[in-house]
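Here the structure is laid out as structure tokens; the discussion comes afterwards.
Read the numbers this way: they start at 1 and go in the same order the structure lists the ligands and their atoms.
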Amino acid sequence: MEAYITLLTNNSYASGALVLAHSLRATHTTKQLAILVTSAVSRPIRDRLTAVFDAVIEIGELNSNSTANLQLLGRPELGVTLTKIHIFNQTQYSKVVFLDADTLVLRNVDNLFGTAANGSIAEGEDRNKRFAAAPDAGWPDCFNSGVFVCRPSYQDYTGLIEMADQQGTFDGGDQGLLNSYFSGWSTGDSSNRLPFLYNTTPTSVYSYAPAFQQYKDKLNIVHFVGSFKPWQWLRFADGAVFPRNTSSKDSITLVQQWWNVFDQYIGGKPS
Ligand code: UDP
Ligand code: MN
């Protein structure tokens, strides 16, 4: 079984997870949709999730009781980082495409499952890749951990926890840890590297505007990184997003696309 999986650690990203799921359904994906939730996610939110995800999976806190020989108790700062690591423990799935809850899928990306994961190989061919991800716009020798393809395995799951326990994470989050663990990513087999079009951050609209103009019709997955998420934008009564000081026309368009999915499947257009 193969699945798209996202993660919800609290209620505040719930609309992100719902929009993501509906955006995936709209691509007529043939894969399962699953979401990992912590105990902090409320019952009403879970009911909404159940309506669109095939599986809502509760994950517990990782601590030294849950995983042998690890001294994670007394390291609360690792708790949040390790939450995403639960993906590697979902061995009921043979292959997973993980997506942050602040991503939006614009076209069918099921080819991420069938192939070398970068979509360049004929559908159906399976190179059995362990891990694939797209470059981070801030430091392209690192991958961005908001979108990745993996094969869940207990070995990687415990290996990641062990590494977190022993050396922590260089950026304080899961991205640093995953980059340390899959450290051959930038120089190894090119099929581990997904095109940036599978994890396009709207911040690139400013940092490389001509490239955005060239490629904007080819985006597969948009990732709204940063502290200000689409669901936090104000809107006019007709549903148009209220431009923020710093926002360019193109980044507004992407946020508007997120809201269009919200309106169509979740909220209904304001009247
Ligand atoms: N997350 C969550 N609630 C939070 C923070 C994070 O559910 O309060 C989950 C969610 O899936 C989110 C992911 O963890 O997409 C990573 O966090 P975020 O996307 O905020 O990081 P960024 O991509 O901005 O670096
Ligand atoms: Mn994110």
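Figure legend: Lys84 and Phe98 shown without cation-pi pairing, the cationic atom not lying both under 6.0 angstrom from the six-membered ring centre and within 45 degrees of its axis.
In the hydrophobic clustering of this structure, Ile59 groups with Ile87; members are Ile, Leu, Val, Met, Phe, Trp, Tyr whose side-chain heavy atoms approach within less than 4.5 Å, directly or through other members.
Remark: distances from the non-hydrogen atoms of Gly226 to ligand 1 include one below 4.0 Å.
In terms of protein heavy-atom proximity, atom 17 (O) of ligand 1 is nearest to Asp100 OD2, 4.2 Å. With respect to atom 1 (N) of ligand 1, the closest heavy atom belonging to the protein is Thr9 OG1, 3.7 Å.
For atom 15 (O) of ligand 1, a protein heavy-atom neighbour is found at a distance under 4.0 Å.
For the pair OD1 of Asp102 and NE2 of His223, the angle at the Mn ion (ligand 2) is about 90°; rounding is to 10 degrees.
Looking at heavy atoms from C-beta onward, Phe224 lies out of side-chain contact with Ser251 at the 4.5 angstrom threshold. Residues Phe182 and Phe148 form no side-chain contact, since every pair of their non-hydrogen atoms from C-beta on lies 4.5 Å or further apart. Inter-residue side-chain proximity for Phe131 and Phe143 is flagged as met; some heavy-atom pair is nearer than 4.5 Å.
Nearest-residue assignment for atom 18 (P) of ligand 1 (options Tyr13, Phe98, Phe224, Phe228; heavy-atom criterion): Tyr13. Counting heavy atoms only, Asn10 comes closest to atom 8 (O) of ligand 1 of the residues Thr103, Asn10, Leu99.
When Val147, Asn199, Leu20 are each tested for a side-chain contact (heavy atoms from CB on, under 4.5 Å) with Ile221, only one passes: Val147.
Residue Lys229 touches ligand 1 through its side chain alone, judged by heavy-atom distances below 4.0 Å.
Considering backbone and side-chain atoms alike, Leu7 places an N or O below 3.5 Å from some N or O of ligand 1.
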